[in-house]
Amino acid sequence: MNQESLLSELNDRSREVFRRVVETYLETGEPVGSRTLTRALSEKLSAATVRNVMQDLEFMGLLDSPHASAGRLPSHLGLRLFVDGMMEIDSVTPTDRAAIDQTLGNDDPDTGLLLDRVSTALSSITRGASLVLMPKHEAPIRHIEFVSLALDRALVVLVFADGHVENRIFTPPPGQTPSSMREAGNFLNAMAEGKTLAELRTHLSRQIADRRRELDVLAAELVESGLALWDGENVDPRLIVRGRANLLDREAADLDRIRILFDDLERKRDIVEFLELTERGDGVRIFIGSENKLFSLSGSALVVSPYMNADRKIVGAVGVIGPTRLNYGRIVPIVDYTAQLVGRVLSGRKG
């Protein structure tokens with residue numbers, strides 16, 4: 001049964017009971033009993049009547065009862081229905097707005113430092129863990145160089161036209177020599193002029209087979225293994241995670257799941273998938289529990305929104321992750337406002 005059908009089955013009384021259960025749970029994190037609800041409902045109902053309504057809602061799959069004698073909790077289906085069809089979205093408060101604006105207020109030339117401040121502020125404001133995915137560097141490449149560090153370690157250095165430098169350590173193919181490293185660097189520099197990294201990779205995929213004869217075997221292997229470091233399938237350092245300690249303020253029963261979440265965040269895995277979560281639309285998306293495949297084992301909730309560059313292309317994302325009882329009505333507009341602000345600031349920059 002879809003959400004519209006479920007909503008249509010709720011009369012005014014059951015709708016209000018359901019909303020009150022969810023809102024009270026999101027505020028307290030505790031099961032909600034019928035006696036608590038009778039004091040909060042606008043319509044004066046007996047505890048027995050409220051219990052009957054809650055049983056009907058449980059039968060529909062919208063509520064769960066952790067124990068036979070306890071109150072009710074919203075199920076994942078219930079939270080999804082509430083978030084999509086009944087939740088009232090707050091406005092960003094002046095205090096929260098000022099805290100976010102302050103992080104982007106100075107003209108810091110380092111995008112990484114700027115977004116680090118954004119991530120720190122977001123975790124502080126929301127009391128969750130914040131995730132900020134930085135944009136890939138899109139400036140043309142000026143120079144590429146391979147540097148030997150040891151027999152089994154090498155460094156590939158990329159210098160961009162705007163002065164930005166990236167370097168990564170990798171394990172080179174066996175048998176590399178200073179000569180093969182120079183040859184690989186010269187080959188790439190001849191093709192890289194004026195191209196971004198993405199453009200160079202596309203160009204190489206077409207050219208390397210035809211021009212492989214220009215390289216000896218060692219240099220060809222080095223070209224392929226060195227540039228592979230920047231492929232989306234590899235570990236990507238662009239994800240900034242702040243505020244993990246905020247997640248420890250959970251019930252003891254949740255600690256094992258939080259440890260799993262910590263491991264996921266520490267590995268910063270599936271970064272490409274994190275960005276793909278946002279690419280079906282330019283608004284805020286909410287993933288609850290198992291809907292969030294990146295962190296599904298921890299049973300967490302993720303609120304995420306993309307930000308765009310001046311060409312209206314999605315280049316990164318900001319998000320908040322926390323328990324499923326997040327204050328969605330408050331956090332959704334904060335994430336939305338932050339993403340839009342980051343996009344405007346970065347769109348005004350060169351490079």
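Hydrogens, waters and symmetry mates are skipped; everything else that's a heavy atom, side chains included, is used. A quick note: this is a predicted structure, and the numbers were derived from the prediction, not measured.
Nearest heavy-atom pair across Gly283 and Pro306 is O-CD, 3.6 Å. Closest of all the heavy-atom pairs between Ala99 and Ala121 is O-CB, 4.3 Å. Taking all atoms of both residues into account, the shortest heavy-atom contact from Ala301 to Pro323 is CB-O, 3.7 Å. Considering all non-hydrogen atoms of both residues, Gly78 and Phe18 come closest at O-CZ, 3.3 Å. Contact detail for Glu58 and Ser65: the closest heavy-atom pair is OE2-OG, 2.8 Å. Taking both residues in full, the closest heavy atoms of Leu10 and Arg15 are given as O-NH2, 4.0 Å, listed atom of the first, atom of the second, then distance.
For Ser14 and Asn11, the side-chain atoms include at least one donor-acceptor pair closer than 3.5 Å.
In summary, Arg97 and Asp101 do not engage in a salt bridge, as defined by a charged side-chain N under 4.0 Å from a carboxylate O.
At least one side-chain heavy atom of Leu115 sits less than 4.5 Å from a side-chain heavy atom of Tyr307. The closest side-chain heavy-atom distance from Thr324 to His76 is below 4.5 Å. Looking only at side-chain heavy atoms (C-beta outward), Val22 and Arg19 stay at 4.5 Å or farther from each other. Under the 4.5 Å side-chain criterion, counting only non-hydrogen atoms from C-beta, Val284 is not in contact with Tyr328. At a threshold of 4.5 Å between non-hydrogen side-chain atoms, the residues Leu122 and Ile334 count as touching. Using a 4.5 Å heavy-atom cutoff, the side chains of Leu62 and Leu77 are in contact. Using a 4.5 Å cut-off on side-chain heavy atoms (C-beta onward), Arg72 and Asp64 make no contact. Between Leu302 and Leu131, the closest side-chain pair of non-hydrogen atoms falls below 4.5 Å.
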Item to complete: For side-chain contact (heavy atoms from CB on, under 4.5 Å), just list the numbers for Ile321 and Leu326, CA-CA rounded to whole Å, side-chain angles, deciding distance to a tenth of an Å, and then say yes or no.
Response: CA-CA 9 Å; Ile321 189 167; Leu326 282 175; over 6 Å; no
Item to complete: Evaluate side-chain contact (heavy atoms from CB on, under 4.5 Å) for Val118 paired with Ile240, printing each intermediate quantity in order.
Response: CA-CA 10 Å; Val118 169; Ile240 302 170; over 6 Å; no
Discussion item. What verdict does the side-chain contact (heavy atoms from CB on, under 4.5 Å) test give for Arg325 and Glu27, after you've listed the backbone C-alpha separation in whole Å, the side-chain angles of each residue and the deciding distance to 0.1 Å?
Written reply: CA-CA 8 Å; Arg325 63 180 187 88; Glu27 181 180 347; over 6 Å; no
Discussion item. Checking Glu145 against Val156 for the side-chain contact (heavy atoms from CB on, under 4.5 Å) test, could you report, in this order, the C-alpha distance in whole Å, the side-chain angles of both residues, the deciding distance, and whether it holds?
Written reply: CA-CA 6 Å; Glu145 185 173 354; Val156 56; over 6 Å; no
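With sequence neighbours excluded, the residues satisfying side chain to side chain contact (heavy atoms under 4.5 Å, CB included) with Thr49 are Arg13, Leu45, Ser46. Residues satisfying the side chain to side chain contact (heavy atoms under 4.5 Å, CB included) criterion with Leu155, sequence neighbours excluded, are Val147, Leu149, Val157, Asn167, Ile169. By the side chain to side chain contact (heavy atoms under 4.5 Å, CB included) test, Thr24 is found to be paired with Thr28, Val32, residues two or more places apart in sequence or in another chain being considered.
In this structure, the side chain of Asn309 does not engage the main chain of Ser347 through any donor-acceptor pair within 3.5 Å. Judged purely by atom type and a 3.5 angstrom limit, Asp96 has no side-chain atom pairing as donor or acceptor with the backbone of Val92. The backbone N or O of Gln176 sits nowhere less than 3.5 Å from a side-chain atom of Ser180 that would complete a donor-acceptor pair. A donor-acceptor distance shorter than 3.5 angstrom exists from the side chain of Arg117 to the backbone of Thr103, with no hydrogens or angles considered. Of the possible polar contacts, none joining the Arg242 side chain to the Thr120 backbone as a donor-acceptor pair under 3.5 Å is found. Side-chain atoms of Asp336 do not come within 3.5 Å of backbone N or O of Val332 as any donor-acceptor pair. The closest donor-acceptor contact from the side chain of Ser75 to the backbone of Gly61 lies under 3.5 Å. For Ser34 (side chain) and Arg51 (main-chain N/O), no donor-acceptor pair under 3.5 Å exists by modelled atom type.
Taken from OG in Ser305 to CD1 in Ile286, the straight-line distance is 11.0 Å, to the nearest 0.5 Å. Note that OG1 of Thr126 and CD1 of Ile331 are 5.0 Å apart. Values are rounded to the nearest 0.5 Å. Put simply, CZ on Arg330 and CE on Met87 are 13.5 Å apart, with the number rounded to the nearest 0.5 Å. With rounding to the nearest 0.5 Å, the separation of CG in Asn327 from CG in Asp90 is 6.5 Å. To the nearest 0.5 Å, atom CZ of residue Phe160 and atom NE2 of residue His143 are 12.5 Å apart. Atom CE of Met134 is separated from atom CG of Leu114 by 9.5 Å, given to the nearest 0.5 angstrom.
More than 12 heavy atoms of other residues, nucleotides or ligands lie within 6.0 Å of CG in Asp152, so this atom counts as buried by the packing criterion.
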